[in-house]
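Every chain is numbered from 1 and lettered A, B, ... according to where its sequence line falls, protein lines coming before strand lines.
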2 protein chains.
Amino acid sequence: MSRIAMEGKVLSENERVAAELRERFHHNQMFCANLISSPGSGKTSLLEGTLAGFAPEDRVAVLTGDIQTDNEARRLSGFGFPVKQITTGGACHLDARMIQRALKDWDLGALDILFIENVGNLVCPVSYDLGECHKIAVLSVTEGEDKPLKYPATFLKADLMILNKIDLLPYVRFSLDLARNNARKVHPEIEIIEVSCTTGQGFDRWRQWLEKSRANVSSLCLA
Amino acid sequence: MSRIAMEGKVLSENERVAAELRERFHHNQMFCANLISSPGSGKTSLLEGTLAGFAPEDRVAVLTGDIQTDNEARRLSGFGFPVKQITTGGACHLDARMIQRALKDWDLGALDILFIENVGNLVCPVSYDLGECHKIAVLSVTEGEDKPLKYPATFLKADLMILNKIDLLPYVRFSLDLARNNARKVHPEIEIIEVSCTTGQGFDRWRQWLEKSRANVSSLCLA
């Protein structure tokens with residue numbers, strides 16, 4: 001069997017499990033977002049700022065993926081919401097089976113929002129459907145405006161691009177317009193929100209986006 | 001055949017081709033460095049600054065890998081040295097066969113140094129030997145000090161870590177000491193050079209490292 005055929009088989013098995021997850025999320029009217037970016041783009045900082053903005057009674061949880069270490073889970077567990085680390089032990093992405101296993105002992109009926117923080121990798125994670133409602137691409141302004149053109153699959157499949165670290169704009173050569181145009185060349189309908197996890201700038205728009213997506217979960221998320 | 005067995009077969013075929021490449025590089029006394037990092041860590045900027053420092057008669061060349069676009073090759077071809085783009089068309093890493101194909105019409109006897117700029121990905125490229133003398137991990141100070149712990153394979157196999165974008169240190173929370181310690185936890189003998197491609201700081205040490213590695217190519221690089 002060729003490598004490509006084997007890869008196809010692995011992916012179609014993933015699709016099957018992802019469809020089960022999607023059905024389960026839908027059944028529980030739970031909104032799930034899958035965050036994808038390079039290492040160091042600020043996914044964990046974004047989630048820290050996001051969790052800090054929820055009220056204690058909000059029904060939100062996080063699964064966070066890493067090849068090694070449970071740093072993320074430790075950073076995120078201080079907010080009082082359920083957080084679980086998935087350590088992939090070498091794999092460069094999360095797959096649907098890992099999500100299924102991690103959710104085994106969680107009651108999804110008790111959750112409204114589930115964030116999945118994928119392994120830091122702008123290439124591989126996008127090929128693995130996790131049953132999520134939306135993929136979100138996070139790009140920081142220190143990485144260069146060309147990334148949507150160089151890693152098009154992630155930006156094509158993401159419904160939202162978070163442009164992070166905008167507090168660093170005065171110190172780097174980075175054109176917001178060019179980055180936006182590059183993202184829209186790949187995916188004309190992509191939504192774009194600029195944020196800084198250091199200053200909190202843009203978090204109002206990000207929270208509105210979450211609120212809107214949450215409200216539309218029943219109509220939008222059963223792909 | 002299981003996926004792991006298939007992956008093993010792909011990797012051992014890669015080892016075979018990489019050994020041929022290594023023998024060919026050694027035969028030509030050519031020094032080859034394989035640069036690995038996240039997207040946007042500054043591999044291309046590092047190479048721009050590096051090529052700018054060579055004299056026109058220096059015998060240096062670059063292979064640069066990307067999933068899509070030939071932006072890198074266009075940025076690097078203005079220095080008068082041979083540059084070739086490898087577009088992987090989806091693959092998340094360069095493999096030895098891609099290098100072999102790209103070098104087919106180049107006379108390695110006419111080169112002293114070959115830089116290979118890998119696909120921007122801190123996970124997968126390290127599994128693919130390209131016959132290089134040294135792997136070099138590039139980490140920028142905007143990415144966080146924890147990356148060597150979270151992506152240990154790359155920092156374990158790299159002989160040198162370039163800490164890039166140190167001109168941004170005043171504007172980000174990043175401890176050079178912690179980053180160095182984390183890299184040395186994974187790989188106690190790793191060399192570390194701090195640079196800024198914007199100010200040129202640290203390029204003297206990086207050039208000395210290249211010079212030393214070049215001089216030792218016959219004794220060090222036939223693994």
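- Proximity to chain A is limited to the side chain of B:C124, based on heavy atoms less than 4.5 angstrom apart.
- Counting only distance, with no hydrogens or angles, the side chain of A:Y171 and the backbone of B:D167 share no donor-acceptor pair below 3.5 Å.
- Note: B:L168 leads B:L122, B:T198, B:L168 in heavy-atom pairs under 4.5 Å with chain A.
- A:K147 touches chain B through its side chain: at least one heavy atom from C-beta onward sits under 4.5 Å away, while N, CA, C and O do not.
- When each of B:C92, B:G144, B:S41, B:S45 is scored by its heavy-atom pairs under 4.5 Å with chain A, the top score falls to B:C92.
- When each of A:P170, A:A153, A:G120 is scored by its heavy-atom pairs under 4.5 Å with chain B, the top score falls to A:G120.
- The closest side-chain donor-acceptor pair between B:S38 and A:S38, if any, does not fall under 3.5 angstrom.
- Comparing A:S37, A:G40, A:P39 by how many heavy-atom pairs each has under 4.5 Å with chain B, the most go to A:P39.
- Of all residues spanning residues 64-81 of chain B, those with a heavy atom less than 4.5 Å away from chain A's heavy atoms are B:D66, B:I67, B:Q68, B:T69, B:N71, B:E72, arranged by number.
- Only the side chain of B:P152 comes within contact range of chain A, judged by heavy atoms closer than 4.5 Å.
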